[in-house]
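Here is the structure we will look at, set down as structure tokens.
Hydrogens, waters and symmetry mates play no part in the numbers below; they use all other heavy atoms, side chains included.
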Amino acid sequence: PRASAGLEARAGGVIHDTVAGTLRHLHQYERRLDAAAAAAAGDRAWRAVEDMPLRLLMASALFQCEHTPASAEHVVRSATEGCAER
């Protein structure tokens, strides 16, 4: 029980840092997502960029890739699993 409490506290800290950092840089990520969507105009997959929960998930993944030690593969896998749950 005690070890899991420490793990939960660390996980909560990581979640807080990721959310705060994503929101802090959201304007940059929004511009990048819009530019990517415009460059891929006509590609049906990019229509999802209009969906706000998915935009936030993609922005969070960008933040994690740039500001955490997590590997890009792990971040993409986690984001993909998040999309699948939606």
Verify same cluster id: Val76, Leu62 (apolar side-chain graph, 4.5 Å) =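 No, separate clusters.
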key: Co-membership, hydrophobic cluster, residues Ile15 and Val75, 4.5 Å side-chain   =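 Different clusters: Ile15 never reaches Val75 through Ile, Leu, Val, Met, Phe, Trp or Tyr contacts under 4.5 Å.
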Exceeds 12 heavy-atom contacts within 6.0 angstrom, atom NE2 of His27 =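 Yes, the 6.0 Å shell around NE2 holds more than 12 heavy atoms from other groups.
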ask   = Does any non-hydrogen side-chain atom of Met52 lie less than 4.5 Å from one of Leu56?
value =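 Counting from C-beta outward, Leu56 and Met52 do come under 4.5 Å.
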message = Within the 4.5 Å heavy-atom criterion, are His25 and Glu66 side-chain neighbours or not?
response =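 Side-chain contact under 4.5 Å: no.
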inquiry  = Any salt bridge linking Arg24 with Asp17? Criterion: basic side-chain nitrogen under 4.0 Å from a carboxylate oxygen.
reply    =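 Answer for the salt bridge query: no.
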message = Tell me the closest heavy-atom pair linking Ala79 and Leu57, and the distance in Å.
response =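 Where Ala79 meets Leu57 most closely, the heavy atoms are O-CD2, 3.4 Å.
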inquiry  = How close do Phe63 and Tyr29 get, counting heavy atoms only, and between which atoms?
reply    =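 Closest approach of Phe63 to Tyr29: CA-OH, 3.2 Å.
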ask   = Does Thr22 reach the main-chain N or O of Thr18 with its side chain, forming a donor-acceptor pair under 3.5 Å?
value =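 Flag set: sc Thr22 to bb Thr18 pair under 3.5 Å.
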Atom [atom1] in [X], atom [atom2] in [Y]: separation rounded to 0.5 Å?
X	Y	atom1	atom2	value
Ser78	Glu73	OG	CD	11.5 Å
Cys65	His74	SG	NE2	10.0 Å
Leu54	Ser60	CG	OG	12.0 Å

